[in-house]
2 protein chains.
Amino acid sequence: MTRPVKSKNKEDILDLAIPLFAQSGYTGVSMRDIASAVGIKAASLYHHFPDKQTLYLQAMARAFEDKAQGFATALTVTGTPEKRLAGFVQIFTTLMCKDPEFRALLQRELLDGDEVRLKKIASEVFREPFVAMEALADELAPGCDAHMVAISIASLILYHLETAPIRRYLPGGKARHNKPEVISRHVTGLLLHGLKGCGK
Amino acid sequence: MTRPVKSKNKEDILDLAIPLFAQSGYTGVSMRDIASAVGIKAASLYHHFPDKQTLYLQAMARAFEDKAQGFATALTVTGTPEKRLAGFVQIFTTLMCKDPEFRALLQRELLDGDEVRLKKIASEVFREPFVAMEALADELAPGCDAHMVAISIASLILYHLETAPIRRYLPGGKARHNKPEVISRHVTGLLLHGLKGCGK
DNA sequence: AAAAGACTACCTAACGTTCGTTAGGTTACA
DNA sequence: TGTAACCTAACGAACGTTAGGTAGTCTTTT
């Protein structure tokens with residue numbers, strides 16, 4: 001039995017584990033599943049990680065890390081507040097569209113995540129873009145509740161993507177409703193002008 | 001034909017299983033867990049249900065049934081389109097606030113639900129209120145994409161609730177942001193007037 | 001430069017536990 | 001007496017995890 005030429009390291013394993021956890025959740029993925037995806041035996045995973053929970057936490061950390069940086073680019077847009085909002089929404093939507101794994105992991109964390117993990121995600125991934133969104137909200141609608149506005153912006157974008165599986169079966173559901181440019185245009189219009197703004 | 005007073009029937013078991021499934025998901029709840037909640041042994045569950053999956057599906061069906069009816073009351077509001085929207089948002093928000101179990105189950109279905117179940121939920125639970133929302137959207141913003149508007153309305157309400165666990169750790173998060181009247185006022189303002197409408 | 005030792009990354013085999021599920025017996029009420 | 005509702009006991013499978021072994025690779029010593 002010849003051994004593989006190149007040994008696996010932690011990062012390789014985590015990168016292969018992330019999509020599994022995203023698709024089936026913590027309890028839905030066994031150590032044997034992960035090992036099989038990596039191409040080794042389950043017992044060998046314990047050479048790299050002390051237990052499953054640690055592996056999972058490190059996979060989550062890896063999946064979420066660098067995400068904050070991605071969001072930062074969505075905040076580089078300059079110009080009028082309206083233009084900056086439109087730019088942010090567009091970039092954020094495109095980013096989220098391209099990363100179903102991230103969305104699934106986030107959803108799972110919102111359902112099952114413990115306080116420690118949620119706190120970590122909040123401060124390390126979302127805090128910076130969230131603050132920028134709040135500042136933008138305060139410019140566009142002074143005196144409003146910036147926190148609620150920021151959540152609303154994220155809601156509009158993310159829920160259109162989250163509900164994709166069921167929207168297919170709801171009246172009026174079309175394939176184009178999943179396209180980032182369609183979503184971002186709708187959301188921008190709605191945010192800037194209310195319901196009257198999303199018809200154009 | 002008449003059951004002994006002390007005996008459990010299917011409905012009792014399902015009602016006790018629903019919150020367990022809502023909290024921990026299908027794989028996170030064992031037959032022994034359910035039996036323990038009911039006050040019987042796991043083997044006895046097989047007197048009422050052929051297997052775990054059937055029990056789960058019937059629990060889901062029960063959790064979602066009569067929900068459509070609850071939504072119907074949110075559509076009884078009359079008056080100007082603006083007033084009807086405000087009324088619908090308020091009632092729908094209050095309804096969702098009171099039912100974290102339903103929200104959790106819906107979220108889990110969006111993540112893990114197969115096509116058949118999603119189709120069933122779409123047609124039996126959401127179709128009717130969704131059509132009404134679309135009609136309302138068409139009145140308020142003729143020519144708009146009613147499907148997207150309806151999703152946006154639901155997004156705004158549900159995501160404010162879904163993100164409650166993480167909003168605590170995001171800047172500006174306050175306890176009142178989880179109150180139905182605060183959410184519905186914010187959402188109504190945003191929908192009718194855009195960002196400028198949620199400051200007042 | 002070669003041998004000896006240590007280390008890394010994997011293996012096979014198995015452990016104890018929990019799981020869904022089944023078989024067959026018991027009890028209480030019609 | 002029949003049947004519905006429950007029980008105890010146990011099955012096999014899958015799970016996370018551990019023990020102990022092996023084959024290459026790197027490091028040190030002679």
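Protein chains get the first letters and strands the later ones, always in sequence-line order, with residue 1 at the start of each. Just so it is clear, the structure is predicted and the values come from calculations on it, not from any experiment.
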Residues R127(B) and S123(B): side-chain donor-acceptor under 3.5 angstrom: no
Are Y169(A) and E115(B) linked by a side-chain donor-acceptor pair shorter than 3.5 Å? yes
Write down the protein N/O and nucleotide N/O pairs, taken from nucleotides 15-19 of chain D, whose separation is under 3.5 Å; answer none if there are no such pairs.
residue: dG16(D); atom: OP1; partner: K52(A); partner atom: NZ; Å: 2.7
residue: dG16(D); atom: OP2; partner: M31(A); partner atom: N; Å: 2.8
residue: dG16(D); atom: N7; partner: R32(A); partner atom: NH1; Å: 2.9
residue: dG16(D); atom: O6; partner: R32(A); partner atom: NH2; Å: 3.1
residue: dT17(D); atom: OP2; partner: Y46(A); partner atom: OH; Å: 2.9
residue: dT17(D); atom: OP2; partner: K52(A); partner atom: N; Å: 2.8
residue: dT17(D); atom: O5'; partner: Y46(A); partner atom: OH; Å: 3.4

Would you kindly give the [atom1]-to-[atom2] distance between [X] and [N], to the nearest whole Å?
X	N	atom1	atom2	value
I40(B)	dT8(D)	CD1	P	12 Å
D12(A)	dA9(C)	CG	P	11 Å
H47(B)	dG20(C)	NE2	C1'	19 Å
K10(A)	dC10(C)	NZ	P	13 Å
H48(A)	dC10(C)	NE2	C1'	8 Å
L45(B)	dC6(D)	CG	C1'	11 Å

Closer than 4.0 angstrom, basic N to acidic O: yes or no for D145(A) and R185(B)? no
Decide, yes or no, whether a salt bridge links R108(A) with D112(B) under the criterion of side-chain N to carboxylate O below 4.0 Å. yes
Quick one: does L16(B)'s side chain get under 4.5 Å of I34(B)'s, heavy atoms only? no
Honestly, is K67(B) close enough over F126(B), meaning NZ or CZ under 6.0 Å from the six-membered ring centre and within 45° of the axis? no
